Structures are given as structure tokens and as C-alpha cells.
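I have placed the structure first, in the form of C-alpha cells, so that the comments after it can refer back to it.
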Amino acid sequence: MARTGRAGRTGRTGPADGDLAIRLDGAGRRYGLRRPWVLREVTLGVRAATLTRVEGANGTGKSTLLRLLARIDAPSEGRVTGRPRTAYVPERFPPSLPFTAVGYLTHMGRVHGLTGAAAARRAHAWLERLGAAGHAHTPLPDLSKGTSQKVAVAQALLADPELLVLDEAWTGLDAAARDILDRAVAERVAAGSAVAFVDHDPHRLAGYADVTYAISGTRVTRRTGEADAAPRATGRTVVVEVRGPHGAELPPGLPGTAGPGPEPDTHRLVVADLHSDLVLRELLTASPPWHVMSVRPGEAGDR
Amino acid sequence: MMAALVRYRTALLLRSQRWLAPVILYAVFLAVGVQGGQPVLDSLAYAAAALLPVTAWLVRICVTVEPAGARGCTAAAAGPRRAHLAGLLTAFLAAGALGAAATVAVAVISDAASTDHQTAVARGPAAVAGLLAMLVSALVGTAVGALTSRPVLRSTAHAVPALLLAALLALVTTGSPAKAALTDLTRGSRDGVVPLPVGAPAAALAVAVAAVAAACWVSARRA
């Protein structure tokens, strides 16, 4: 299947390759002066418009690394640079807040810089998309674990963050909401945000991660292009053929690979299944809109 | 962003209903110690003294009321220092509102006279002096609360005794701005002169700013 990394994006005006959202330089973290180091000498950068996966066994410091990237914790040694607008989904979201779902989301939207009205509107929209619209006015302590996780996810997505940090955010979500979150991640990356995530499911977004880091001991090592390039059951692609206005270029920043189509003024796009909705919406809402000639599942030879 | 954070923390404080205990305690304290017809400056000194531990308690509530997971979300969005500052500011503002209400009530029901009831003390200036003393207590109480709750002291077993002891010491130790403000009021009451000190509020502000800055600095380092 076509790897939908940066090289595969069609845009020329998309975010520059050197666009670092956040960078750690020799960063280390321990929870107290007499406590052991959890991480040491971590030097890595997370680029805009990329998806970063962090792997490691339980208790190796995945959450610690994500908290450094989200700038929730400052490193005990070394430096962190970059101040993107950040949103974070914690591993466990507490239901003990004295708000309704929409009430809490509206407060968080304001903290993220939205007006109260925009925050409330987006809160409703995200709860609806995640399948929790019926619980908008339920007090958080009365929500099921899965629904309160949806609130945690909505909290992070409602303000279009430049850096999205997901610590096992899929855990507890139902299948439909997990799928929505996968797509939302793809949308954020396509929109130019950096996304960093940890998930216990090795197939989670497999093949879409631009960079994978593994933690062993207190070290973080980069291991790109192994697990994430391997084909897997969920890595389906979709081939989309479109006809554009005469001489028109494809909109910049689309995920996937693009090539000339069978006729003049047509293009053939091979995109990850995950990105297909996004690409179609982007093309159909362009002005003037593109004509979608065909959409079919990709085969092994489609690049 | 700070306004949004303070609004969120205020809603959290009010809806959690954890403010009830310190506010009721303060009301009981005033009901026991302040009666109509007592010298106004003496009563204001008593009310201002009681506000200090109540403020420290409100700070403790404000910085512990948000569960850890939600704290992470707020810290990512606003930065951990700013998020912590918003909690401290919310407690200070709540204490300020409580102190202002108490000042008005005390100034209205008390006798506008010196301790020996011989010299008249104007109610208006006395209330202003009371507000200044309340401000000093709220500032010093915020400093005490900030330094004796998370993230500086994380274990409740250490934090609560430390908070009570520090609040008591702030009220009785010579050199403490809170003690100075209270002494000014009681001396003014004895002499029949309304004190309008500048030194104590300035010192209290400096103490509060330093303590709050230290607590916010720690908040990113000790989760």
C-alpha cells in the first residue's frame, strides 16, 4: 500500500518540512530528586503535519514522554522548545468534575481561546460526532466510563489544536467512536497539526505513523519504517479518480499519492482508507468543485 | 485565557460546594466574636485575623479540587504554571469577596468609636482601614496556602498541619505583614485614630507574589 507520509502528500504549499511543533533536547524526567530517572537524554522533534507513535512496555515512561511533549511537565534536565497550541487526552479521565458534559467542554473551549458561543457549538458538534449527543446535559459523574472518555476526546479536538497528544485515548471508547477518533487524527494531521499518541493496540493507526519512537530503559530510540510500513489488515487504500476544472491543480496538502488519471484534466489519487472521507470532502467542497468519477478499493499494485 | 481559566476555576469551586465549610466556619467565627455595638476597629481586626486561615483553606480547596486527569488537560491547554496561577487567583478573589462582605457587615453593626467608647471613629474611613487589613490577610493567607498545598506539599498528612501552623505563625509573628496590619487596627482603636498603613499591604503583596511564583514554578516540575 502507498505510505501516506509527508513525501506522499500532494501539496506544495503545505507546512514546510522543517516545521517543528515541539522539540526536546537532552530532556530527562524523574519524579523527585531521590527518585529514579524515568527518561534521560531524550532528543527528538515532533514536526507539524505528522503523526508520531510512542511504543514501549507498561511502566516504561510512555505517559511521561507524552506529558513532556504536551508541556504539562517540565523536564528535570535538558530543554523543551516550541509552544504550539496543545490539547491532551489523558489515560484516565476523571468523572468527578461538577459539570455537565457541555458545561465542561464549554469551559475548556474558552481556555483554548474560543468564545463561549463557539465553544458550546463545537462541544455539541463533537459530542454528536462521537455519538454522545444524548449525554450533552448529563452531569459528568453520571456518565459511563466510555462516554466520559468521549468528553475527554471532545475536549481535545474542539479547538483545532496545533499539537494533539493522545495517551491511550481510544481505551474505553466503543468501536464507532474509536473509528471517529482515527479519522479525527487523520484530519488534524492533514490540517497541518502534529499528533503524538500511545496506544496498547499495535494496529492502532498502523501504517500512518510518520515516526515511531520506542522506549526501553530510560532511552527513547527512533524506529521509523519498520512496523509502521508493514502492510496490515486495516491498511486498506482507496483509489479516487477525479476530474477538475480545466488546468486546475489539486488542492494542496491532500494526504495520499496523486498521479495523472486516464484522461486529460483527471487525476488518480491513492489514499488511505482512513483519509478517504477527508479527501472527498476537500475536493467536493473546493470552489469550483471537483467531479468525482470513481471511488474503488485499492489493490496491491496501486501506488 | 487567564479570564477563561479563572472563570473555569471559580465554577469548579462553587459547583464543588467545597467552599461551604470554610465560609460557614468564617461566619460562625464572626457570629461568636463580633457583636453589635463593639468598637468598630477592634471588630475589624478580629474579622481580618480570621480571614487569613480561611483564605489558606480556600487556596487548598482551589488547588486540589480539579482531578489529576482534568488537570493535565488544562495544563496542556494553558501551561501548568498559568493553570496553577488561575487556581491561586480564584482562591484569592473568593477570599477578597468574603473579606469585603465581612468588612461591610462589621462596619455597619459596630459602634463607631474607640475601644473605650470615648472618641468617635468615622465609619467610612474605618471600613477602608478594615478593607486594607482584609487585603493583607487575603494576600498572606494566599501565600500560606500556596506554599502548604500541592504541588509544594503533596501529602495531606504534611500539608494540613503545615497550613494551620503557618497560618497561626503569620498572625502572631512579629515582622509578619498580617500581624502588623492587625496591630495597626487595634492600636488605632485604642487611640481613636483610623490607621491607613501602606507598609503592611506592600509587604503582604511582595510575600504573596513570591509565594505564588514559587508554587507556580514547582507546578510544572512536580506533577
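Keep in mind that this is a model prediction, so the values were computed, not measured. Quick note on labels: first sequence line is chain A, next is B, and so on, each numbered from 1.
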Nearest 0.5 angstrom please: [X] [atom1] to [Y] [atom2], how far?
X: A:Phe99; Y: B:Arg15; atom1: CZ; atom2: CZ; answer: 6.0 Å
X: A:Arg71; Y: A:Thr86; atom1: CZ; atom2: OG1; answer: 8.5 Å
X: A:Thr171; Y: A:Arg178; atom1: OG1; atom2: CZ; answer: 9.0 Å

TODO: Go through the atoms of B:Ala83 and report whether side chain, backbone, both or neither lie under 4.5 Å from a heavy atom of chain A.
DONE: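 Neither; nothing under 4.5 Å.
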TODO: Let me know if B:Arg82 has heavy atoms under 4.5 Å from chain A in its side chain, its backbone, both or neither.
DONE: neither
Task: Contact origin within A:Arg85 toward chain B - heavy atom pairs under 4.5 Å - done: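 No part of it gets close to chain B.
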Open item on the list: Please identify, among B:Pro67, B:Cys73, B:Ala4, the residue contributing the most non-hydrogen atom pairs under 4.5 Å to chain A.
Closed with: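 Going by pairs under 4.5 Å, I would pick B:Cys73.
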Open item on the list: With chain A as the partner, which of B:Ala70, B:Ala78, B:Ala3 has the greatest number of non-hydrogen pairs under 4.5 Å?
Closed with: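 Going by pairs under 4.5 Å, I would pick B:Ala70.
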Open item on the list: Could you tell me if A:Arg40 sits above the aromatic ring of A:Trp37, with its cationic atom closer than 6.0 Å to the ring centre and no more than 45 degrees from the axis?
Closed with: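 Verdict for A:Trp37: a cation-pi partner in A:Arg40.
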Open item on the list: If the threshold is 4.0 Å, N to carboxylate O, is there a salt bridge linking B:Arg221 and A:Asp73?
Closed with: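 No, B:Arg221 and A:Asp73 are not salt-bridged.
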